[in-house]
Amino acid sequence: MPAGTLYRGREGMWSWVAHRVTGVLIFFFLFVHVLDTALVRVSPEDYDKVVATYKTPVVGLLEYGLVAAILFHALNGLRIIAVDYWTKGPRYQKQMFWSVMGLWILLMLGAIYPVLGHAARDLFGS
Amino acid sequence: MATEVSPKDAVELTSSSASYSPDNPAPLIEPPRARTRRTPRSTRTNFELYGWLFMRLSGVVLVVLVIGHLLIQLVLDGGVTKVGFAFVAGRWASPFWQYWDLAMLWLAMLHGGNGLRTIINDYAEQPNTRVWLKTILFTAVAFTIALGSLVIFTFDPNIR
Ligand code: HEM
Ligand code: HEM
């Protein structure tokens, strides 16, 4: 490890980096999301036109990515809270990190069909 | 009575501290977060503590609000294909979902905004850059919260 740095690698640092990156992504998504939702105050036709693009396969993949970011940030956020408040939290932070990753992968597998099913039907018929 | 120090245990002074002696003591170093007479009055609040607490409290509530929202919008009842003006009109006919969305808007924007403030503090080093970035951030958060709240409560299903 190089001297004079707080970046120590391993689970602790990478989960922190990923928490940061996902937090920023979600923030920018939310900003745009409130703008597009505001179209309901302007014109129903324009709102429906914009929302129609959300139903295309490519944007479907982006939505799947957004779900991935939110689920990671939410699960890892709960882990951070547990490390701070649960007396044994710091001792088990690594185990909790790998539990978060396991749960995240399970949920992402479960989300494939509900989130991307309509895109598959668009692309491959029926 | 002076304590005997055997030569084996004595600390040997090296160059940087060798010149200090009882007559020429080393300067006192304040612990990093100690409040001294020079700490500006204006930092004497617990703002950062409340911010830290807020991140955790809002995080717990957001898990329910945001994951519930994603289930409704992307998973249940045909997923994203059902979303449209008529769908929104149906949802915002109920005050329950209006207040759900309002709470999600405020909490997520303040949580994300406070998170970005931390990130600006971490990476922007020039005082000028910091002020500018925080001004832009504050404006974006205030604008989004105001617009989103207005849209929820002035929504008109018969706009056409
Ligand atoms: C889904 C539930 C969520 C939970 C449980 C959660 C939890 C947390 C926690 C505990 C922190 C504090 C980290 C620390 O003090 O070290 C944090 C930071 C952050 N969150 Fe969230 N959060 C959630 C949703 C969101 C949303 C919706 C956004 C965006 C609008 C967001 C953006 C951020 C940002 C930008 C940070 C700062 C990251 C950093 O300083 O590295 N979070 N989150
Ligand atoms: C791609 C996934 C998403 C879809 C399809 C979606 C869809 C919608 C729709 C149709 C509305 C209109 C009102 C309603 O039906 O409740 C809405 C409002 C809202 N959504 Fe989402 N949403 C998504 C993701 C998110 C996420 C991740 C967040 C939070 C970080 C979020 C936060 C909000 C907020 C705050 C409102 C209220 C907007 C306002 O005040 O004008 N949404 N969303």
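Numbers restart at 1 for each chain; the letters A, B, ... are given by sequence-line order, proteins then strands.
Within the 4.5 Å cutoff, side-chain heavy atoms of B:Trp92 are placed close to those of A:Val40. In this structure, the side chains of B:Leu74 and A:His118 stay at 4.5 Å or more apart for every pair of heavy atoms. The shortest distance between side-chain heavy atoms of B:Ile119 and A:Phe27 does not fall below 4.5 Å. Residues B:Met109 and A:Val34 form no side-chain contact, since every pair of their non-hydrogen atoms from C-beta on lies 4.5 Å or further apart.
Taking a 6.0 Å sphere around CH2 of A:Trp86, one finds it holds more than 12 heavy atoms contributed by other residues, nucleotides or ligands.
With a threshold of 4.5 angstrom between heavy atoms, B:Leu137 approaches chain A through side-chain atoms but not through N, CA, C or O. Only the side chain of A:Ile80 comes within contact range of chain B, judged by heavy atoms closer than 4.5 Å. If you measure heavy-atom distances from B:Phe87 to chain A, you find no contacts under 4.5 Å at all. If you measure heavy-atom distances from A:Tyr113 to chain B, you find no contacts under 4.5 Å at all. Only the side chain of A:Leu71 has a heavy atom closer than 4.5 Å to any heavy atom of chain B. The part of A:Val51 that comes within reach of chain B is its side chain, from C-beta onward, which places non-hydrogen atoms under 4.5 angstrom from that chain. With a 4.5 Å cut-off on non-hydrogen atoms, A:Val42 touches chain B through its backbone but not through its side chain. Of the atoms belonging to B:Asp122, it is side-chain heavy atoms, and not backbone ones, that fall under 4.5 Å from chain A. B:Val83 touches chain A through backbone and side chain together, each having a heavy atom under 4.5 Å away.
Of all non-hydrogen atoms in B:His111 and A:His73, the two that sit nearest each other are NE2-NE2, 4.1 Å. Across all non-hydrogen atoms, the minimal contact from A:Arg41 to B:Asp156 is NH1-CB, 3.9 Å.
When the side chains of ILVMFWY residues are joined at heavy-atom separations under 4.5 Å, either directly or via intervening members, A:Val17 and A:Met96 end up in two distinct hydrophobic clusters. In terms of hydrophobic clustering, with Ile, Leu, Val, Met, Phe, Trp and Tyr side chains grouped at heavy-atom distances under 4.5 Å, A:Leu78 and B:Val61 are assigned to a common cluster. Note: the hydrophobic cluster containing B:Tyr123 also contains B:Leu116 (ILVMFWY, side chain heavy atoms under 4.5 Å, direct or indirect links). The cluster map of Ile, Leu, Val, Met, Phe, Trp and Tyr, joined by side-chain heavy atoms under 4.5 Å apart, puts A:Tyr47 and B:Leu150 in different clusters. A:Leu106 is not connected to A:Ile70 by any chain of hydrophobic side-chain contacts under 4.5 Å among Ile, Leu, Val, Met, Phe, Trp and Tyr, and they are in different clusters.
How far NZ of A:Lys49 is from CZ of B:Phe85: 14.5 Å, rounded to the nearest 0.5 Å. Between A:Leu30 atom CG and B:Leu105 atom CG the span is 7.0 Å, to the nearest 0.5 Å.
Note: B:Val80 leads B:Leu147, B:Val80, B:Val63 in heavy-atom pairs under 4.5 Å with chain A. Highest contact tally toward chain B, considering only A:Pro44, A:Ala74, A:Pro114, is held by A:Pro44 [criterion: heavy-atom pairs under 4.5 Å]. Among A:Ala52, A:Ala38, A:Gly77, the residue with the largest count of heavy-atom pairs under 4.5 Å with chain B is A:Ala38.
Within residues 50-57 of chain B, the residues having any heavy atom less than 4.5 Å from a heavy atom of chain A are, in residue-number order, B:Trp52, B:Leu53, B:Arg56.
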Between B:Thr144 and A:His33, does the side chain to side chain contact (heavy atoms under 4.5 Å, CB included) criterion hold? Intermediate values first, please. CA-CA 10 Å; B:Thr144 313; A:His33 184 47; over 6 Å; no
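Not a single donor-acceptor pair under 3.5 Å links the side chain of A:Asp48 to the backbone N or O of B:Gly84.
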